[in-house]
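What follows is one structure encoded as structure tokens, with my remarks underneath.
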Amino acid sequence: MDVADLPGVPDWLPDHLRDDGIEQLYPPQAEAVESGVTEGQNIVAAIPTASGKTLVAELAMLSAVARGGKALYIVPLRALASEKQAEFEQFEQYGHSVGVSTGNYESDGGWLGDKDIVVATSEKVDSLVRNDAPWLEDLTCVVSDEVHLVDDGQRGPTLEVTLAKLRRLNPDLQTVALSATIGNAGELAGWLDAELVDSDWRPIELQKGVHYGQALHLEDGSQHRLAVQNSEKPTAAIVRDTLQDDHDEDGEVTEEGGSTLVFVNSRRNAEAAAGRLASTVRPHLSADEKAQLEGIAAEIRDVSDTETSDDLADAVKDGAAFHHAGLARGHRELVEQAFQDRLVKVVCATPTLAAGVNTLAARRRAGLAPLRRVGGRDGPLSVLEVHQMMGRAGRPGLDPYGEAVLVASSHDELDELFERYVWADPEPVRSKLAAEPALRTHILATVSSGFARSRKGLLEFLEQTLYASQTDESGRLERVVDDVLTYLERNGFLEVEAGELDATSLGHTVSRLYLDPMSAAEIVDGLEYWARHAGEPDGSDEPDTPEDATADGAFSTASELAEEREESGDIDPDDISALGLYHLVSRTPDMYQLYLRSGDREEYEMALYEREDELLGPTPSEFEDERFEDWLSALKTARLLEDWASEVDEETITERYGVGPGDIRGKVETAQWLLGAAESLAGEVDSDAARAISEARIRVEHGVREELVDLAGVRGVGRKRARRLFEAGIGDRAELRDAAKPVVLAALRGRRKTAENVLENAGHRDPSMEGVEPDPDVEVSEASPRDSEEDEDSDVGEDQSSLGDF
DNA sequence: TGGATCTTTTTCTAGACAGCATGTC
DNA sequence: CTAGAAAAAGATCCA
């Protein structure tokens, strides 16, 4: 189909597409147009990666906007949100505005309500629905990217429920769902009342195959010799062979060989494989490439001073790299860029993350080493997942073809892999909504935001989900719903009366905070426990069951109890420890806990007995194995947060807890969010803990000790500057405002501009530094190499949370 | 006795959404 | 009721 023949699109679009070199639509795109994407028709497009899904979405959104509407594009990852925003901003020249909304970033300059196209994660959209964002009613088109993720047990239900809510809010909403090729695309289309475009057409050929012994067996039946030399692993042979394959798109011989993306099943394997493959790649590098790679390696070392960083830099200087969630964001960006620039020839990645990162496409080959998933709990990888990874091989317009290779270690496995993955069709996508944890949060939200006011209404709403359209076991959903309703009522989130449902004030708050009700219950329990036990002498016979402690049933809220104690003089609201709060949020289901390793158990049992009385809840009995174990790993997580909030440097933390720099960021970010929520909850249940929670949150946010909390709150002052000002004798914001300018200037190492800025933000009447000289008596710890590295660490941390999505 | 090789036991394990209100050095 | 691989520890063999 010629771009001139598109119905319903803005006038400028055909020319715009031609400028981009697009004259003809790809067959699946044409099919979508024929089915009416540009005319408001609902579409499910189940087509391979890189076959032009984005254009289908753009056609739908632009035609909707041309009709005076407003479009929403839902993505599964924050990183994808900024990627899409950048893509859609090309339309701003035609007067169409684009906005983004994710948890840590919201586009500036005006309301999202003013934007024609909004990009957001599914959770953010859910949250916007819960908080009644007014512009949602103006939507005329919603695009859901990677909609096959409704199959995901963790996050799928959110997408499913959110789509159902959006469609209910606006019955005329055009729904466009983009999916990988799956087994039951028709079923999805049925659920969404959509036309189906189901195709496995690709712009470039993808050959799948299995390597075994000395040969590569392709799905077309051909075999190629691919020799494994002496003691090397098959992956090394594949990578070497790809490097030597130097034909470009038109079959011409070029200087460059192909690059390979290797999927492995654990971080450690990714790092080990990258280390091994570095020696395979090195001999193929030109002098110029080596020089450039040295530069990138240096940048990697600059990102963070950790072992992970060193290992990565060592591999990168030889043209290999690893990629997983333990990396700092700066690491990931450098690796992705260098791979795209074809300087890095091999990336060894863990599966999930890499599958979502579009910049990680291999020129030529994607290889999968051991196909088993980490920790057998979730069974083997699905065909869908494997095909998604295979789809990363070969970049359209750059490569003549792509090749995806599985590695077999026996002849039997060779056959098995062909059967199981190469020739197999992807399995159908199944809704995971009926699981209790998912319903817990979504039922509360559905009632709280008024989508359902009775048990009957709730069930009616749930009828509109994919789950209902897939199940024929009618009783199951109803049973789980009743269980969940009982749970929500018992914990004070909902009131149920004669089938009528109403959220309590607490319930509304929890829904709006986007907390799992179970997390909220844990936090409320913890705060109440503290109110009861604060001020008690240590080591007293701690009651193991809350019932024992509630003999004082006359108090209905934590604060009444606290007040009572305060009056009797044996409570200090400040005696709630930061560690206790970190432990409290670390044990909620919203926080991923650190893994307890063999030696850890003993270590954290010791720590537990030392600091037990700081924790906000009774220690479970050691005989309750699982609960006790959870308690200990929450303590490990809490200690990590405490270290971070005590200005311990990154290198020490990564070593002490066996994590990567990216994991520290992740934990800190989650803790920040949960502590913020806990603060609101404390207000809701009248607890006196709010002040202490706020302080613990700020400490973790800035990574500073207690005495710097006030200073670090001044705009322009972070971990490092706060410490320097403090050492110069400036203790808080007020002292900063009244401080002698030479002292401030000296503490900030003579940076006038910075000092003026800081003073202004602190509220100084006259921040000008003109004519001021640094006070020579102020001792400033000068940047020894060691110090500056620590600077770097904390800076990177801040970077990730604020500018991260760029 | 040393060390090479084989066998058994133990250890370890992917990912990243969300509130609120704005900015590190 | 988890599975599976790698690392560590132990066992065996032979010069």
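Both backbone and side-chain heavy atoms feed into the values below; hydrogens, waters and symmetry mates do not. Per chain, numbering begins at 1; letters A, B, ... match sequence-line order.
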DNA chain B contacts made by residues 751-761 of chain A, counting heavy atoms under 4.0 Å: none
Set of residues satisfying side chain to side chain donor-acceptor pair (under 3.5 Å) with respect to A/Asp710, sequence neighbours excluded: none
What pairs with A/Ser431 under side chain to side chain contact (heavy atoms under 4.5 Å, CB included), at least two apart in sequence or on another chain? A/Glu160, A/Leu433, A/Leu466, A/Tyr467, A/Gln470
Side-chain ion pair, A/Asp151 and A/Lys432, N-O less than 4.0 Å: yes
With sequence neighbours excluded, residues passing side chain to side chain contact (heavy atoms under 4.5 Å, CB included) with A/Asn761: A/Val714, A/Arg715, A/Asn757
Under the 3.5 Å Watson-Crick or G-U criterion, the dot-bracket string of DNA chain B, with | for inter-strand pairs: |||||||||||||............
Per the under-4.0 Å heavy-atom filter, residues of residues 149-164 of chain A near DNA chain B come out as A/Arg155
Partners meeting ring pair (Phe, Tyr, Trp, His ring centres under 6.0 Å) with A/Phe451 (sequence neighbours left out): A/Phe461
May I ask you to say what A/Gly666 touches in the nucleic acid, namely base, sugar-phosphate or nothing, with a heavy-atom cut-off under 4.0 Å? nothing
Could you check how far CZ of A/Arg597 sits from P of C/dA8, rounded to whole Å? 13 Å
Spacing between A/Asn104 atom CG and B/dT24 atom P, to the nearest angstrom: 15 Å
Does A/His764 have any side chain to side chain donor-acceptor pair (under 3.5 Å) partners at least two apart in sequence or in another chain, and if so, which? none
Check side chain to side chain contact (heavy atoms under 4.5 Å, CB included) between A/Ala274 and all other residues, then give those that pass, not counting sequence neighbours. A/Ala315, A/Phe322, A/Cys348
To the nearest Å, give me how far apart CZ (A/Arg268) and C1' (B/dA14) are. 14 Å
For A/Arg733, what residues pass the side chain to side chain donor-acceptor pair (under 3.5 Å) criterion, not counting sequence neighbours? none
Sequence neighbours left out, what passes side chain to side chain donor-acceptor pair (under 3.5 Å) with A/Arg751? Give chain and number order. none
Can you list the residues that meet the side chain to side chain contact (heavy atoms under 4.5 Å, CB included) rule with A/Arg301, with sequence neighbours excluded? A/Asp310, A/Ala313, A/Asp314
